[in-house]
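Right, one structure below, let's go through it.
Note that the numbering runs from 1 along the sequence shown for the chain.
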Amino acid sequence: MSPDQLNALIEKVMEQLGPGGGGNKDSPKTSKKLILTPTQILVIAAILGGVLKVHSILLDDTQSVQILLTGSLKRKTAFDKMLDQIGPMSFDQVVKAFLDHYKV
């Protein structure tokens, strides 16, 4: 994700948060401003951008909430994409496809 895309995404998120969230000049001075740390902004952007996904939500007896996010910053290579395609195939199918591809 480029810096321009990230900035645009952050602006969109801040607009969605409502008055005070995006530093709206028209909002009343009495409204509380939502202050997000850079880490919080990056997590929000990663969730909205599909880089992070919610893996699980844990709620214990004291009503503490833990949200486990999973994701990878590694971009898939052509080889990774190929492995994703052949993953569900049987060994026979993979060998046959390989031999058919290199058939002279």
Side-chain angles (χ1 to χ4, degrees):
M1 188 177 272
S2 74
D4 290 337
Q5 290 173 319
L6 183 59
N7 287 336
L9 186 59
I10 290 169
E11 285 180 29
K12 191 180 272 189
V13 168
M14 297 306 278
E15 286 174 9
Q16 294 294 321
L17 291 174
N24 187 349
K25 294 174 186 167
D26 299 329
S27 65
K29 300 251 185 211
T30 57
S31 70
K32 291 183 181 179
K33 282 193 174 184
L34 178 64
I35 299 173
L36 296 175
T37 65
T39 303
Q40 291 169 326
I41 292 170
L42 287 174
V43 169
I44 291 168
I47 291 170
L48 293 176
V51 174
L52 290 176
K53 292 182 175 38
V54 175
H55 182 268
S56 63
I57 300 174
L58 302 172
L59 180 65
D60 66 13
D61 56 350
T62 63
Q63 295 189 351
S64 292
V65 178
Q66 294 181 27
I67 302 172
L68 178 61
L69 302 172
T70 59
S72 174
L73 298 177
K74 177 184 168 196
R75 293 183 184 216
K76 286 194 173 193
T77 64
F79 182 71
D80 291 330
K81 291 175 185 175
M82 182 189 70
L83 289 177
D84 286 344
Q85 289 177 345
I86 66 171
M89 296 172 68
S90 70
F91 181 74
D92 270 355
Q93 291 172 319
V94 172
V95 170
K96 185 175 187 259
F98 181 77
L99 292 175
D100 287 346
H101 179 73
Y102 288 102
K103 200 178 221 181
V104 178

Could you tell me if Asp92 and Ser90 have a donor-acceptor pair between their side chains, going purely by distance under 3.5 Å? no
Does any donor atom in the side chain of Thr39 or Thr37 lie under 3.5 Å from an acceptor atom in the other side chain? no
With the 4.5 Å side-chain cut-off for hydrophobic clustering, are Val51 and Val54 part of the same group? no
Tell me, with the steps shown, if Leu58 and Leu68 meet side-chain contact (heavy atoms from CB on, under 4.5 Å). CA-CA 8 Å; Leu58 302 172; Leu68 178 61; over 6 Å; no
In Å, rounded to the nearest 0.5 Å, how long is the span from NZ of Lys53 to CG of Leu69? 11.5 Å
Please determine which of Ile47, Ile41, Leu48 meets the side chain to side chain contact (heavy atoms under 4.5 Å, CB included) test together with Ile44. Leu48
Please determine whether residues Leu52 and Ile67 belong to a single hydrophobic cluster, defined as Ile, Leu, Val, Met, Phe, Trp and Tyr linked transitively by side-chain heavy-atom distances below 4.5 Å. yes
